[in-house]
Amino acid sequence: GTIPSSLRSLTLMKNLSLCDNLLTGSIPNIFDSLTHLSILYVQQNLLTGLMPISLADVSSLTDLFVNDNSLSGHLIKVFNGSHHSMLTTVQLSNNQFTGELPEQLFLSKSLQSMSAVSNCFHGSIPSSICMNDQLVSLALNGLVCASSCQTKILPGISSSYVSSRSVTGGIPDCLWSMPKLSILHLSGNRLTGTLPSGDKIISSSLKDLSLSYNLLTGSIPRNI
């Protein structure tokens with residue numbers, strides 16, 4: 001079945017976990033009433049439709065997991081950087097989100113982990129990501145690889161497709177020097193540019209780096 005809109009009456013609710021079920025339909029736009037909500041887990045269902053913009057009103061939100069559904073649409077109005085000051089973990093992977101990566105999300109200065117693997121985003125990685133000195137894990141593999149933005153070249157061969165979207169630009173320089181960033185996954189995006197050269201500092205916290213299937217040029221830095 002669907003997520004009931006009657007949940008809006010549970011105004012003191014802090015944690016809502018509906019993950020790993022067979023829920024269908026959209027996430028109801030009820031969060032203007034759930035002002036104490038800290039954790040929302042609806043991952044691994046069959047949800048469709050747009051993300052509710054009332055999530056922007058929930059200043060207490062710390063963990064948002066909506067990955068592994070079929071959600072779509074833009075996310076520009078869903079996140080409010082100044083309002084979401086407690087947001088630490090956001091999982092958006094394996095959906096069909098479109099538009100650019102929401103800059104407001106990266107203005108949430110408490111953000112520690114963010115994943116948006118396999119969607120239909122386009123544009124560049126926003127410069128606002130440099131505001132997150134608490135960021136530990138960033139996974140943006142295949143930002144344009146969701147099935148809904150693929151055009152098959154050879155029917156029946158799942159790996160033969162072209163994407164109707166594209167990611168532009170390179171890797172923001174700040175990602176190399178973030179003090180706590182341990183995991184950086186940017187594979188499969190056709191990113192351009194070079195890796196840091198010369199005496200540019202690469203943070204010693206970086207332990208897991210994935211940059212395959214891009215259009216990077218130049219040499220691998222000795223620092224790496």
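FYI, side chains are in, hydrogens and waters are out, and symmetry mates aren't considered; it's all heavy atoms of this structure.
- To the nearest 0.5 Å, atom CG of residue Leu40 and atom CG of residue Asp63 are 10.0 Å apart.
- For residues 45-97, there are no disulfide bond (SG atoms under 2.5 Å apart) pairs, not counting sequence neighbours.
- With contacts defined as side-chain heavy-atom distances shorter than 4.5 Å, the pair Val58/Leu34 does not qualify.
- Ile27 has its side chain within reach of Leu47: a pair of non-hydrogen atoms, C-beta onward, lies under 4.5 Å apart.
- Heavy-atom neighbours of Met13 CE from other residues, nucleotides or ligands within 6.0 Å: above the threshold of 12.
- Between Asn21 and Leu18 the shortest heavy-atom distance is ND2-O, 3.1 Å.
- In this structure, Leu101 CG and Phe121 CZ are separated by 5.0 Å, a value rounded to the nearest 0.5 Å.
- Using modelled atom types, one finds no donor on one side chain facing an acceptor on the other under 3.5 Å when comparing Gln134 with Lys109.
- Between Val117 and Ser93, the closest heavy-atom pair is N-OG, 2.9 Å.
- Between the side chain of Asn95 and the main chain of Ser72, no donor-acceptor pair closer than 3.5 Å is present.
- Applying the side chain to side chain contact (heavy atoms under 4.5 Å, CB included) rule to Ile53 yields the partners Asn29, Lys77; only residues at least two apart in sequence or on another chain are considered.
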Yes or no on side-chain contact (heavy atoms from CB on, under 4.5 Å) for Leu195 and Leu216, after CA distance, side-chain angles and deciding distance?
-> CA-CA 7 Å; Leu195 300 180; Leu216 302 171; 4.0 Å; yes
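- Applying the salt bridge (charged side-chain N to carboxylate O under 4.0 Å, His left out) rule to pairs touching residues 23-42 yields Arg8-Asp32, sequence neighbours excluded.
- Between the side chains of Asp57 and His83, not a single donor N or O lies within less than 3.5 Å of an accepting N or O.
- Asn214 places a side-chain N or O within donor-acceptor distance of the main-chain N or O of Arg190, the cut-off being under 3.5 Å.
- Residue Leu175 comes nearest to Leu184 through the heavy atom pair CD1-CD1, 4.1 Å, listed as atom of the first residue, atom of the second, then distance.
- Distance CZ/Phe106 to CD1/Ile129: 4.5 Å, rounded to 0.5 Å.
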What do the steps show when you test Gln91 against Leu64 for side-chain contact (heavy atoms from CB on, under 4.5 Å), and what is the final call?
-> CA-CA 6 Å; Gln91 300 290 332; Leu64 176 64; over 6 Å; no
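- For the atom pair CD1 (Ile3) and OG1 (Thr24), the distance works out to 9.0 Å, reported to the nearest 0.5 Å.
- Linking ILVMFWY side-chain heavy atoms closer than 4.5 Å, directly or via other members, places Leu92 and Val136 in two distinct hydrophobic clusters.
- The cluster map of Ile, Leu, Val, Met, Phe, Trp and Tyr, joined by side-chain heavy atoms under 4.5 Å apart, puts Ile224 and Leu181 in the same cluster.
- Note on residues 174-223: pairs passing disulfide bond (SG atoms under 2.5 Å apart), not counting sequence neighbours, are Cys130-Cys174.
- Every residue was checked against the side-chain hydrogen bond (donor to acceptor under 3.5 Å, both in side chains) condition with Ser118, not counting sequence neighbours, and none meets it.
- Taking 4.5 Å as the limit, every side-chain heavy atom of Ser124 sits out of range of all side-chain heavy atoms of Val167.
- Neither side chain, Ser203 nor Ser177, offers a donor N or O lying under 3.5 Å from an acceptor on the other.
- The stretch residues 33-59 participates, sequence neighbours left out, in these ring-ring contact (aromatic ring centres under 6.0 Å, His included) pairs: Tyr41-Phe65.
- With values rounded to the nearest 0.5 angstrom, Leu87 atom CG is found 6.5 Å from Phe79 atom CZ.
- If you check the side chains of Asn94 and Asn67, you find no donor sitting under 3.5 Å from an acceptor.
- A 4.5 Å side-chain heavy-atom check between Thr11 and Thr35 finds every atom pair outside the cut-off.
- Note on Val66: it does not cluster hydrophobically with Ile76, by side-chain heavy-atom contacts below 4.5 Å among ILVMFWY residues.
- In plain terms, the two heavy atoms of Leu61 and Ile39 that are nearest each other are CD1-N, 4.5 Å.
- Under the 4.5 Å side-chain criterion, counting only non-hydrogen atoms from C-beta, His185 is not in contact with Leu138.
- Here Leu211 contributes atom CG and Ile171 contributes atom CD1; the two are 4.5 Å apart, rounded to the nearest 0.5 Å.
- A 4.5 Å side-chain heavy-atom check between Leu71 and Gln96 finds every atom pair outside the cut-off.
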Report the C-alpha distance between Met51 and Leu75 in whole Å, list the side-chain angles of each, state the deciding distance to 0.1 Å, and finish with yes or no for side-chain contact (heavy atoms from CB on, under 4.5 Å).
-> CA-CA 7 Å; Met51 286 283 287; Leu75 298 175; 3.6 Å; yes
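- Two residues are said to be in side-chain contact when any heavy atoms from C-beta on lie closer than 4.5 Å; Cys19 and Gln44 fail this criterion.
- Residues Leu16 and Leu55 fall within the same hydrophobic cluster, defined by Ile, Leu, Val, Met, Phe, Trp and Tyr side chains chained together at heavy-atom separations under 4.5 Å.
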Assess whether side-chain contact (heavy atoms from CB on, under 4.5 Å) is satisfied between Ile125 and Leu186, documenting all intermediate values.
-> CA-CA 10 Å; Ile125 298 174; Leu186 299 173; 4.1 Å; yes
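- Listed for the Asn119 side chain is a donor-acceptor partner under 3.5 Å among the backbone atoms of Phe97.
- Between Lys180 and Ser205, the shortest heavy-atom contact is C-OG, 3.5 Å.
- For the 3.5 Å distance criterion, the side chains of Ser210 and Ser187 qualify, holding a donor opposite an acceptor.
- Although no hydrogens or angles enter the test, the distance criterion places a donor-acceptor pair under 3.5 Å between the side chain of Asn189 and the main chain of Leu143.
- Residues Ser38 and Thr62 have side chains that bring a donor and an acceptor to within less than 3.5 angstrom of each other.
- Within the 4.5 Å cutoff, the side chain of Asn45 has no heavy atoms near those of the Leu22 side chain.
- Within 6.0 Å of CG in Leu215 there are more than 12 heavy atoms belonging to other residues, nucleotides or ligands.
- Under the 4.5 Å side-chain contact rule for hydrophobic residues, Leu107 and Leu105 do not share a cluster.
- Residues Ser108 and Ser110 have side chains that never bring a donor and an acceptor to within less than 3.5 angstrom of each other.
- Of the possible donor and acceptor atoms, one in the side chain of Ser128 sits under 3.5 Å from a partner among the backbone N and O of Glu103.
- Minimum interatomic distance between Val78 and His84 (heavy atoms only, all atoms of both residues): O-CE1, 3.6 Å.
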